[in-house]
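Below is one structure; the comments refer to it alone.
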Amino acid sequence: MDRSEAKERIEELREEIEEHNYRYYVLDDPTITDREYDRLLRELEELEEEYPEFRTDISPTQRVGASPADEFESGEHRTPMLSLSNAFEEREITEFRDRVQRKLGTEDELTYIAEPKLDGLAIELIYENGELSEGLTRGDGRTGEVVTRNIKTIRSIPLKLRSDGGEVPSLLEVRGEVYMEKGSFQKMNERRAEEGKDLFANPRNAAAGSLRQLDPSVTAKRPLNAFFYDTGVVEGREFTTQEELLNYFPDIGLRVNPYAEKCQGIKEAKEVYSKLEKKREEIPYEIDGIVIKVNDFNLREELGAKTRSPRWAIAYKFPPERAKTRIKDIEVGVGRTGALTPVAKLEPVEIKGATISRASLHNQDEIDEKDVRIGDTVIIQRAGDVIPEVIKPITEERTGDEEKFQLPDHCPVCGEPVKRPEGDAIHRCVNISCPARIKEAIKHFGSKAAADIEGLGDKLVDKLVEEGLVESIADLYRLDRKEIANLERMGEKSAENLLNALEESKEISFSRLIYALGIRHVGEHLANVLSRNFADFEGLKEAKKEELTSINEIGPEVGDSIVNFLANDSNLKLIEQLDKVGVKYEREAREDEKILDGTRFVFTGQLDDYTRSEAEDLVERLGGRATSSVSSLTDYLVAGENPGSKYEEAQEEGTEIINEEQFKELIQH
DNA sequence: TAGCCTCGAGTTCA
DNA sequence: CTCGAGGCTA
């Protein structure tokens, strides 16, 4: 065989193999045996070995997995992967329908698509000119991990889109779910048991663990599969309905779930729910409910989205798995804000593979209302399949030995009296030097979104405070190498790492530092807002409550909290000491050009690309001003979808009215 | 003043 | 992830 013959054969084999993959995985209708398939694959491997110049990233041979990586890169989603709002009861589904119809201003029932909600992990694949170029996990919705090489090992995922139906879109981002079948999961665990390896708790964890393998050749051996149900950015084709999308995907080689159904009106969607709930056992993969989506994409656009979820879809979940157990005891924890939280210690039970041994009871009201007592047999569930929750005691099983529980009136850690402000459900230890509060404050300070001090874990903080080495946040920066190395389980090396991390953390942005201080009601977001409105702590300290509350998103409660924090001597001392030990904060490096220079904006209605407050922040960052009502001083009214009464006001005032597009042009963002 | 939307805070397990 | 509560809009 000469070179050009080899090239031809290689291409032929690739096509043939992918064709068989398609027939096997998408159509579920294989035409050759596994042995024949393996033979083709082996032949291709040999040829590629012999003629390395014809190797490519999208050859089926790549599916066996490339060499291990050190870590995953992170990649941004061009459009965020939102999550779905959940419903557990039929009533909530009816409310969903009403909401949707109200927002669209129609009385007519819409067409929906109901699909099973797979219990796997969401991914996004990017096909450029039909070739798989990148695979991303959902991550936090905005940024995920690049798992392209692992994705390629999944045989049912096409490396190249099929194109017999005409042109393939030049850019196609598709979204779907990677999962593991229940049977494959079981077999895999049996094998792992034989090999003495740790078992996976459930198929979901197994799928997630497999996809996040640094060594793709490990992923290649895991029985993963995928269904697709959505798109991200698409260029070169327009979809008008979910139905069209679900019909089109298999044509280009993407698997869609066979249980998806078109529903005329919400009632039919509810029927799909009941039907699938009955079928749940016999479906070969785990599903935890159904997803109901508005079919028409134009309507979807009109409905828009909230920050975390679209308004045009809802997840209708099956009842979560419950279990019966006993409350052995109730412990009390003290948080950063001094909140006393009762935690039930449970007789360990397994739900969905995880062994549950504790569950928060939140506060005294919750305990009283549910009448939960120590020694009670209770029903628990994992809310959202994650966080354990006590539903209710089984009173029939009481023996009379159960004890009612009352939160103590003195802090279990420092012994000072506990207060419960009127109208508040939370008991609080108000002693700001309570060791528990100091510990939590320090942990918060060192956390990722705050000063990000690597190596400063919970255990270490506990020890530092207990040993008396650290009494305040500033003390962290006064630790010396010997002190640290002398602690249990800490050596020279760990001490050095910690010191380095501390040193690095001294350079910090103003907003992170504000957040790190742990001012009540001031989280990441508001810390950011504050850092944009004040240059430094000097400015912030001088701010009166009125000045603070005039800032968007800061109301009386938050204003008070900030003023109080900065009026407190020990807090002021902390800020001073941080400065003394060398913590240098700076306003965010990215100083935007002040192109708007005092221009006043008012927003009304809904914008596509920003939330109201994002748009307002943006304006302020660019040196403009965003106000809430139209006056003669207003330069522009930016009108989004469904503008409110401000629209008419602006017309009366003769204020210039612009749409989102024009706004974007104006700010060039 | 109600209802919607976000943010903050607290939480569990592997 | 969920709950409660603060802030904003209608």
Side-chain angles (χ1 to χ4, degrees), chain A residues 83-86 88 95 99 102-103 140 198-202 204-206 208-209 212 304-309 311 315 317 320 331 333-346 348-363 365-366 380-390 421 423-426 428 440-441 443-444 447 449 458 515 518-529 548-562 602-606 611-614 616-617 626-629 640 642-649:
Chain A
S83 46
L84 295 170
S85 44
N86 292 322
F88 290 94
E95 284 167 3
R99 240 188 347 261
R102 184 160 13 109
K103 189 126 179 88
D140 63 6
D198 287 342
L199 302 187
F200 285 108
N202 52 51
R204 207 207 87 84
N205 285 4
R212 294 194 68 264
K306 300 185 273 183
T307 358
R308 286 185 67 247
S309 54
R311 266 187 279 257
K317 300 263 208 125
E331 288 180 346
V334 181
R336 171 166 63 90
T337 59
L340 264 55
T341 313
V343 178
K345 290 193 66 187
L346 307 167
V349 269
E350 208 183 271
I351 305 182
K352 281 214 154 191
T355 309
I356 310 299
S357 59
R358 37 198 294 128
S360 172
L361 295 168
H362 304 107
N363 55 55
D365 288 353
E366 187 95 0
I380 63 164
Q381 72 179 19
R382 294 219 282 160
D385 277 343
V386 182
I387 297 174
E389 182 184 20
V390 173
D424 203 338
I426 308 287
R428 287 200 148 84
E440 295 307 316
K443 289 174 192 171
H444 172 78
S447 69
D458 286 11
Y515 172 66
I519 304 169
R520 190 123 96 93
H521 300 302
V522 178
E524 263 182 281
H525 178 76
L526 289 182
N528 222 300
V529 171
L548 290 165
T549 51
S550 75
I551 298 170
N552 209 326
E553 295 178 289
I554 297 179
E557 202 73 22
V558 180
D560 273 337
S561 165
I562 297 167
V602 173
F603 293 88
T604 181
Q606 222 179 12
T611 64
R612 171 79 51 101
S613 52
E614 276 170 2
E616 287 170 345
D617 284 347
T627 53
S628 56
S629 57
N642 303 319
S645 56
K646 287 179 209 162
Y647 195 88
E648 281 95 53
E649 284 173 37

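Per chain, numbering begins at 1; letters A, B, ... match sequence-line order.
- Side-chain atoms of Ser360(A) lie closest to dT11(B) of the nucleotides dG10(B), dT11(B), dG6(C).
- When each of Pro388(A) and Arg520(A) is assigned the nucleotide of DNA chain B bearing its nearest heavy atom, the one mapping closer to the 5' terminus is Arg520(A).
- Across the protein-nucleic acid pair, Ile380(A) atom CD1 and dT11(B) atom P stand 17 Å apart, rounded to whole Å.
- Under a cut-off of 6.0 angstrom, the local environment of CG in Asp365(A) is crowded, with over 12 non-hydrogen atoms contributed by other residues, nucleotides or ligands.
- Closest contact between the side chain of His521(A) and the listed nucleotides dA14(B), dG6(C), dC5(B) involves dG6(C).
- The shortest distance between the side-chain N/O atoms of Thr341(A) and the OP1/OP2 oxygens of dT11(B) is below 4.0 Å.
- Atom CD1 in Ile387(A) sits about 10 Å away from atom C1' in dC13(B), given to the nearest Å.
- Scanning both residues, Thr341(A) and His362(A), for their nearest heavy atoms gives CG2-O, 3.9 Å.
- Note: NE2 (His444(A)) to P (dT11(B)) measures 15 Å, nearest angstrom.
- Glu389(A) approaches Ala359(A) most closely through the heavy-atom pair N-CB, 4.4 Å.
- Place Val343(A) and Ile519(A) on DNA chain B by their nearest nucleotides, and Ile519(A) ends up nearer the 5' end.
- Regarding contacts with the backbone of dC13(B), a side-chain N or O of Ser357(A) is found under 4.0 angstrom from either OP1 or OP2.
- Of the possible polar contacts, one joining the Arg428(A) side chain to the Thr337(A) backbone as a donor-acceptor pair under 3.5 Å is found.
- Between Arg336(A) and dA9(B) there is a side-chain N or O to OP1 or OP2 distance below 4.0 Å.
- Going from atom NZ of Lys306(A) over to atom P of dG3(B) covers 16 Å, rounded to whole Å.
- Nearest to the side chain of Arg311(A), among dC13(B), dC5(B), dG7(C), sits dC5(B).
- For the pair Leu526(A) CG and dG8(B) C1', the interatomic distance rounds to 9 Å; values are reported in whole Å.
- Arg308(A) places its CZ atom 12 Å from the P atom of dC3(C), with the value rounded to the nearest Å.
- For the pair Ile426(A) CD1 and dA9(B) C1', the interatomic distance rounds to 9 Å; values are reported in whole Å.
- Glu557(A) has its CD atom 11 Å from the P atom of dA5(C), to the nearest Å.
- Distances were taken from every side-chain heavy atom of His525(A) (C-beta onward) to each of dG7(C), dT12(B), dG8(B); the shortest belongs to dG8(B).
- Checking the phosphate oxygens (OP1, OP2) of dA14(B), no side-chain nitrogen or oxygen of Asn202(A) falls inside 4.0 Å.
- Side-chain nitrogen and oxygen atoms of Asn552(A) include at least one within less than 4.0 Å of the OP1 or OP2 phosphate oxygen of dC8(C).
- Looking at heavy-atom distances under 4.0 Å, Gly335(A) makes no contact with the nucleic acid at all.
- Ring centers of His525(A) and Tyr515(A): at least 6.0 Å apart, outside the cut-off.
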